[in-house]
Amino acid sequence: MTATLFPTVDRLDRPSAYYVGKNKRRKYSQDDTNIVEDPNDNLRNATTLYVGNLSFYTTEEQIHELFAKCGEIKRLVMGLDRFNKTPCGFCFVEYYTHQDALDCLKYVGGTKLDERIIRTDLDPGFEEGRQYGRGKSGGQVRDEYREEYDPGRGGYGRAYAESDQRQKEEEEYGKGR
């Protein structure tokens, strides 16, 4: 009998959980047979990286300097707050070759930039409109529910800050009576 060996390290070019979950919707052809798309197909030659968990104060120059160490960058698109047009914690980095993108996943993903550990994932490609954050505030979804202080993400979450402000106003109003 031969023992089957399984790899102990995940592949670098595997799709992220977000990408797999987004593509779980079934697509049907005209003859009502299921078409199952393999998420790996779109990422097999992907040259774009999604970079998350960036500080709101990280500049394009800092990102370009760090990511250019792995290969020549074709373009860099910063994620913006939908309303204020200010950076909101993510970006897309597009390389000329797939190998440069894989090298970046290997060497830059998980490193610190502006005191934050950045996250990198292969992306099937940047499309216009994806540069805007999703939440009610225009930033990343989880930011508006945050209650802890995080100066790299812009301080307290908006919802928490507003409720705290209302509470202080009510206390002061009660003292004035």
Side-chain angles (χ1 to χ4, degrees), residues 4-29 33-135 138-143 150-154:
T4 306
L5 298 175
F6 294 101
T8 57
V9 178
D10 288 337
R11 291 180 34 195
L12 288 175
D13 61 347
R14 76 191 190 301
S16 68
Y18 169 76
Y19 183 69
V20 170
K22 185 177 89 168
N23 290 314
K24 277 189 176 178
R25 294 184 211 110
R26 290 191 175 144
K27 298 183 180 180
Y28 298 97
S29 65
T33 58
N34 288 343
I35 299 173
V36 179
E37 292 183 10
D38 184 13
N40 288 320
D41 287 345
N42 292 339
L43 300 179
R44 220 172 284 281
N45 294 316
T47 58
T48 305
L49 289 177
Y50 167 83
V51 182
N53 201 33
L54 292 173
S55 168
F56 286 3
Y57 308 107
T58 302
T59 63
E60 284 187 41
E61 291 80 18
Q62 288 174 299
I63 295 168
H64 196 280
E65 183 181 337
L66 178 65
F67 285 83
K69 294 178 181 179
C70 295
E72 191 176 352
I73 295 175
K74 187 175 185 179
R75 75 175 173 166
L76 185 125
V77 181
M78 289 293 290
L80 301 174
D81 180 299
R82 184 177 305 278
F83 307 110
N84 302 329
K85 306 296 187 251
T86 57
C88 67
F90 69 95
C91 74
F92 295 93
V93 178
E94 189 175 348
Y95 287 98
Y96 283 100
T97 66
H98 179 66
Q99 189 57 47
D100 289 344
L102 289 179
D103 289 344
C104 187
L105 272 175
K106 190 186 318 181
Y107 299 119
V108 178
T111 61
K112 273 191 172 184
L113 178 63
D114 278 350
E115 300 301 317
R116 299 189 62 83
I117 296 174
I118 58 175
R119 190 181 127 232
T120 56
D121 280 319
L122 277 178
D123 194 77
F126 173 75
E127 299 164 4
E128 209 50 50
R130 285 187 65 201
Q131 73 267 31
Y132 298 116
R134 293 183 298 243
Q140 291 185 337
V141 175
R142 64 181 173 265
D143 286 336
D150 187 355
R153 299 295 287 188

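In what follows, every heavy atom counts, from backbone to side chain, and hydrogens, waters and symmetry copies are set aside. Because the structure is a prediction, the values reported are computed rather than measured.
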Applying side chain to side chain contact (heavy atoms under 4.5 Å, CB included), can you list everything that pairs with Lys74, at least two apart in sequence or on another chain? Glu94, Tyr96
So how far is it from Ile118 CD1 to Ser55 OG, rounded to the nearest 0.5 Å? 11.5 Å
Calculate, to the nearest 0.5 Å, the distance between atoms NE2 and CD1 belonging to His64 and Ile73 respectively. 4.0 Å
Can you find a heavy atom in the side chain of Leu54 that is under 4.5 Å from one in the side chain of Pro87? no
Is it true that a side-chain atom of His98 and a backbone atom of Thr47 form a donor plus acceptor pair closer than 3.5 Å? no
Close side-chain approach of Pro124 to Leu43, heavy-atom, < 4.5 Å: yes
Below 4.5 Å, heavy atoms only, C-beta onward: do Asp123 and Leu49 meet side chain to side chain? no
Return yes if some donor-acceptor pair links the side-chain N/O of Tyr95 with the main-chain N/O of Phe67 below 3.5 Å, else return no. yes
Are Arg116 and Asn53 close enough, and set up right, to give a side-chain hydrogen bond (donor to acceptor under 3.5 Å, both in side chains), and what steps lead you there? CA-CA 7 Å; Arg116 299 189 62 83; Asn53 201 33; 2.7 Å; yes
Set of side chain to side chain contact (heavy atoms under 4.5 Å, CB included) partners for Lys69, sequence neighbours left out: none
What heavy-atom pair brings Val108 and Thr111 nearest, and what distance separates the two atoms? O-OG1, 2.6 Å
Measure the spacing between CZ of Arg44 and CG of Leu122 and express it to the nearest 0.5 Å. 12.0 Å
Mind checking whether Thr86 and Phe56 have side chains closer than 4.5 Å, heavy atoms only? no
Work out which heavy atom in Cys104 is nearest to a heavy atom in Cys70; give both atom names and the distance. CA-SG, 3.5 Å
Qualifying residues under side-chain hydrogen bond (donor to acceptor under 3.5 Å, both in side chains), relative to Thr58, sequence neighbours excluded: Asp114
Pairwise distance CD(Gln99) to NZ(Lys106) - rounded to 0.5 angstrom: 7.0 Å
To the nearest 0.5 Å, atom CZ of Phe90 lies from atom CG of Leu80 at 7.5 Å
If I take atom CZ from residue Arg75 and atom OG1 from residue Thr48, how far apart are they, to the nearest 0.5 angstrom? 7.5 Å
Looking only at non-hydrogen atoms, find the nearest pair between Tyr57 and Gln62 and report the distance. O-OE1, 4.0 Å
